[in-house]
Structures are given as structure tokens and as C-alpha cells.
Amino acid sequence: MLTIKESLEKVITEALIEVCGIKDAKGQVIYASRPEFGDYQANGVMAVARQLRQNPRDLAAQVVDKLAGNTLVTRAEVAGPGFINIFLNTEMLAGRANACLADHTALIIPSSHPQTIVVDYSSPNLAKEMHVGHLRGTIIGDSIVRILEALGHCVIRQNHVGDWGTQFGMLIAHMNSLSNDEKALSSNLADLEGFYRAAKQRFDAEPEFADLARSYVVKLQQGDADCLAAWQRFIDESLRHCEEVYALLSIGLKRSDLRAESFYNKELPNIVKALSEKGLLSESEGAQCVFLDEFKGKDGNPLPVIIQKRDGGYLYASTDLAAIRYRSDNLGADRVLYVVDARQSLHFQQVFAVARAADFVRQSCKLEHIAYGTMMGEDGKPFKTRSGDTVKLRELLDEAVARARDLVAEKNPDLSDTEKALIASTVGIASVKYSDLSKNRTSDYVFDWSSMLSFEGNTAPYLLYAYARIQSVLRRLEEESVTPGEHVYLVQPEERALAVKILQFAELVQQLGDDCFPNQLCLYLYELSGLFMKFYESCPILKSDSETRKSRLALANLTAITLKKGLNLLGIEPLQRM
RNA sequence: GCACCCGUAGCUCAGCUGGAUAGAGUACCUGACUACGAAUCAGGUGGUCGCAUGUUCGAAUCAUGCCGGGUGCACCA
């Protein structure tokens, strides 16, 4: 099964090749830039005409002739310097819409080459509480996972949490000093942020404490039972906190998706050994390093990837190399996506390059850093609150729900309290997620409460409102015992435009599977909702005659189904009413 | 010093592999609720796409240089 766009691309490319004789000619089919130019346009003729030194309009006319009789297209015309404007066959559109109503799964066309894809995302540091900076990686990763699964790929989630390293020595030391008072310890741990701060303060202020902390790091890495028990206790507490946040955000990460840094600990000596055997390892200033020609540091000096520190300890590059090998060999990944802050792009370039050089990944396995931008404060500098702290993710979400609660109470005072609470939590959380997902992930973005918590315009409530409106209409007709039919006729321009947009959902999801930009999905859903609103304003459903009503109802229903699927791919659950 | 990212309307941002007259939201101004739900809709004001060269039939998009901002660059993750 091909999308409309793919079908057009195929037909036009074939026609173009036939006409011009150039084997690698491309139709270059895109959405028409303006409504009067049709539904799609093909731009490929002009490039070919230049090569052949022919008149592009003549060439385009020959391609247009070849389209005669094609069932997808009603009309194709040459325009401007050599564009081909394509007007889709309205009956074909209605037919496809009806097919989607009969079988909802037809809205998404699965990939023709299903792959095993490992997605590394969220990966918080367990030493501290999750703050707003963790939002992006977590929800972008979650959305990508949902999209890839919808396309029929086998997706393996990997939550590469930071549960290992020097700071845990400090935390265990602090824990042990409190452990004779079990109650105090529990309540202290409940506030992870405070706990970390207290431990850090002592680490900086008390030399004996710092020495103790360092000794615990060594003991931990050597597998000392007492240390491990304390460490496990802390990790469990910290994970519980993460899971609370995941539950609030509907993030589908489970304990079984956990592959923490500690998981790779026993593998690290083998990594060193393997690199050494490949002849990639060299000693520099006491550390075991890999030097690759393509990386230069300050003053143009060769830049190492440090595998093992002078004191024998390992760094995160070593762990990442072990993880790459595990993902390629044990998990059988065809593709590994690292949804990680853009600031780590050099790190991943290096790790990927070393992994390739050392044959830690199969040739066919693709490694991609799905980078996202840094969160900035309103002053354009990396984000901090006035007091210099981070905003806890939990606080942001609670605030969003509280604001949504006020709004529901104002808009819909008659609803029951339980219903208000459900709406408030859905709208509040969805708004926060949407405001982040709707921005291009590669650019830095400014954190500000008001835009995160806004409920008007291009926001989650707009999409949820469109969905709730449709459900409202469907409910009314249910009372009249009229079942929504599957008889879409596209008469009004608003009906047609809506149907075209719905059928383009498959094209969009396909593209998302390749480039992983969820903001494109947000934009699509916003436009879909906008087209529905226009349809809703100008094409009455309940008041029209029976046939028209059936058709419009079916179209509205199909819009709702598409919206629901799309929202689901963003990790947002729609509401029956709001 | 080197590398990567960014500079589009007052503000927040779209703009997919170069395509026709650069788009949304917000803010501001006008209109539309005895309602298929106004968390909405219709319309208006608002832009030398950082600057300059170049490639091209065509550049916000590609190349080079400059200006401005961010990030990273040896034992933290």
C-alpha cells in the first residue's frame, strides 16, 4: 500500500523518465504551496529541462499527457516556469476515506522494512530529582517510540539511567551516617534534591567525609555487599520518584526497560581489552585513550576518548561503548537512537567513531544521535531559577494541573468534581507536553511558565477541544439512534480539504519514522483541527438532510479517529468532554 | 584557538530534499454565542528572513566571508 504522495511520486517520476530518458530523474512531488495550485505539485521537470536545455513547459506538458486516465488525478496542469499542479480525484479521496472508516488501521501505512530499533531516552541521573530539563528527552523519546511502533518496527526501549560513579560514594556516605535513625533516613530520602544538597555540602566542607565518600566509590565498584545494599536502597528510592513522574506523564518506561550504567560495569574491562587487541588503545598522561585523527581539541592537539582514567576508574565513554556493543550484538539492533541533549554531540560522534573502528557494531547497524536543544532562561542563558536552582518537573506538572482546574471550573461549572479533576489533569499535563513537543527539537528553547501553561491557540487544549466537540455531536446522534455511517461524499471545499488532510496522516507518520521530529506531528494535528473547525462552522451536521448528515458525521468521526491516533503518538490521551 | 548549533513579525516559534505572493500562535484593533460546545470562528495591523558576496531559471533554505548569541573541546556524566 502506498500513500497518495508516494503513488504520485512514482507515476510522475516514471512519466518523466519516459519523456526525458534520464534514469535518475525525480518527480519531486510536494504539497501544493497554494490552494489554487491544486493538492500536490511536481517540481522535478525544471531540473531535468535545464540538463537537457529544453523548454521546461513543453517537457511538463508531455509529462502531463502521460497522466491521462490516472485514477488518482482529475486534472494536472503546467504552471509558471514548469511546475505541474495536481488536482486529486475527489471520488478517489472519498473512497480512501471510507476505507479508513471501515478499517482504522489504514490511517497509518506500516513500514515496508520493519527493523529492530533501540531507543535510548529519558536516562535521568538517579542522584537527583527530575527537573524540567529532563522533560524534553523523556517526552520526545516517548513520542518517537510510539511512532516507530505504529510503523510496525520492533522497538526496544533503553533507560540508561545514571546510577554509577563518584557521586554515589558521597550519597552512600551520607546515608550511612543517618542509618541509625531509620525514620529520619526515609523522610530525608523522600526529598532527593535536599538529600543530594546535604551530601554535597558535607563533601565540600568535611575532608574526612570526602575521603570516606571516595573509598565507598571504590568499594562499590569492587562489589562490597554493604555498599551495594545501601546503594540499592538509594537507587530504589530514586527510581520510585522517576516512576511517579513517568506515570504522571504517561511515559511507557518500565523497570524492564532499565539498562543502567551499572549494568555495563562488569563489561568495562573487556572493552579495554578489546580496544587494546585492536591496537586502538594508547596511554597518555597515565590514562588509557583512543585517539582518532578526525577529532582535535584545544590548540589543535589530538583529542582523546578516555577509556580508563589514571586511577583505573572508567568514564561514561567506556560505558557507552559497552552499551553500543550490547545493543548491536545482544539486542540485534538495526538502528540505535540516542535521544540526548545536543551538548553531548561531540561525545557521541567520538563514541560512534570508536565503536565503528573497534567493530563493536555490525556494519548494518545505524547509530543516530537524536539531539535536542538546551533549555534557556528568559535572559537567554542556560536555565536557572532566581535562586539558582532548577525547577522540579513535579512542580511544573502540579502547577499546570492546578491552572487547568481553575479553568475547567470557570468554563464548565456543572461537571462533577471527579470529571473536573480528570479534565484538569489531562489538560494540564497535555499542555506541558505539547508546548515542548511542538517546538523543533534541535533549537534551544526558552523556559517560561506562561507559554508552558497556556491553554489558547496552538496548544493541546485546541486539539482536545476539537476532539471533544466531535464526541459531543456523536453523542447527540446516539440519542437519536442514528449510527455514524461510512458514506463519505465530498461536496463542500471544507469537506474535501479535511479529507485530504486526514489521508496525509500516513505520509506524515512515515516521514516521522525517518527524521524523528515530533513537532511536525503537532503542526499536522493543529492544522487538522483547524480544518475541522472550519468544516464545523460552515457545514452543519445535525441540521442537514439524511444523506449529507451521514456523510458529514462519518467525516467528523474519521477526524476524531485520526486526532486520537495522532495525540496517542504524542503520548496524549483525548477527552470525551472538557 | 578549533568544532557543532542558532539568528525569520513586539514576543514564542513553523517553514520538510532550493520552488510560485515568507506562515502560525500570542499581543493589539473590529466583528460573531436565544450555541451541532466562544478553550471557538471571521477579519485587520505587524517582516530589508543578522549583514555581504556567490551558485541557480529560482535562495529564508546551498557555498564563502563577516557580525551577534549558545554549546562543546583530558581523566564529571
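Scope of the values below: all heavy atoms of this structure, side chains included, with no hydrogens, waters or symmetry mates. Convention: sequence-line order gives letters A, B, ...; per-chain numbering from 1.
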Write down the distance separating the [atom1] atoms in [N] and [M], rounded off to the nearest Å.
| N | M | atom1 | answer |
| --- | --- | --- | --- |
| G19(B) | A60(B) | C1' | 13 Å |
| G50(B) | G68(B) | P | 16 Å |
| C16(B) | A24(B) | P | 16 Å |
| C41(B) | G25(B) | P | 8 Å |
| U53(B) | C13(B) | P | 30 Å |
| A9(B) | U26(B) | C1' | 11 Å |
| A74(B) | U55(B) | C1' | 42 Å |

Any donor-acceptor N/O pair under 3.5 Å between [N] base and [X] side chain:
| X | N | result |
| --- | --- | --- |
| R34(A) | U21(B) | yes |
| Y465(A) | A39(B) | no |
| S284(A) | A74(B) | yes |

Review point. Between Y264(A) and H160(A), does the ring centroid distance fall short of 6.0 Å?
Key: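 Close enough - the centres of the two rings lie under 6.0 Å apart.
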Check your understanding: Does F352(A) have its ring centroid less than 6.0 Å away from the ring centroid of Y338(A)?
Key ->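 Aromatic pair counts; centres sit under 6.0 Å.
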Exercise for review: Mind telling me whether H369(A) and F348(A) have parallel, tilted or perpendicular rings, with 30° and 60° as the class edges?
Suggested key: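 Rings of F348(A) and H369(A): tilted, as their planes differ by 30° to 60°.
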Exercise for review: Please work out if A287(A) contacts a base, only the sugar-phosphate, or nothing of the nucleic acid, heavy-atom cut-off 4.0 Å.
Suggested key: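 The answer is base, as A287(A) lies within the cut-off (heavy atoms under 4.0 Å) of a base atom.
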Practice item. Using a heavy-atom cut-off of under 4.0 Å over every strand shown, decide if N85(A) touches base, sugar-phosphate, or nothing. Key: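 Counting heavy atoms under 4.0 Å across all strands, the contact made by N85(A) includes a base.
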**Study point:** Where the chi angle of C33(B) falls, syn if within 90° of 0 and anti if not
**Key:**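 Chi for C33(B) falls in the syn range.
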State whether [X] places a side-chain N or O below 4.0 Å from either non-bridging phosphate oxygen (OP1 or OP2) of [N].
| X | N | answer |
| --- | --- | --- |
| T374(A) | U71(B) | no |
| S33(A) | A20(B) | yes |
| K296(A) | C2(B) | no |
| Q520(A) | G15(B) | yes |
| K439(A) | C13(B) | no |

[N] pairs with which nucleotide, Watson-Crick or G-U wobble, both distances below 3.5 Å?
| N | value |
| --- | --- |
| C62(B) | G54(B) |
| G10(B) | U26(B) |
| C76(B) | none |

Exercise for review: Verify, without hydrogens or angle tests, whether R475(A) (side chain) and Q576(A) (backbone) share a donor-acceptor contact under 3.5 angstrom.
Suggested key: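 Yes, because the side chain of R475(A) sits within donor-acceptor range (under 3.5 Å) of the backbone of Q576(A).
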Point to revise | Nucleotide nearest N519(A) (side chain, heavy atoms from C-beta), chosen from A74(B), A39(B), A14(B) | key: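 The answer is A14(B).
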Review point. Think K5(A) forms a cation-pi with Y31(A), using NZ or CZ under 6.0 Å from the six-ring centre and within 45 degrees of its axis?
Key: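 Judged by the rule, K5(A) and Y31(A) form a cation-pi pair.
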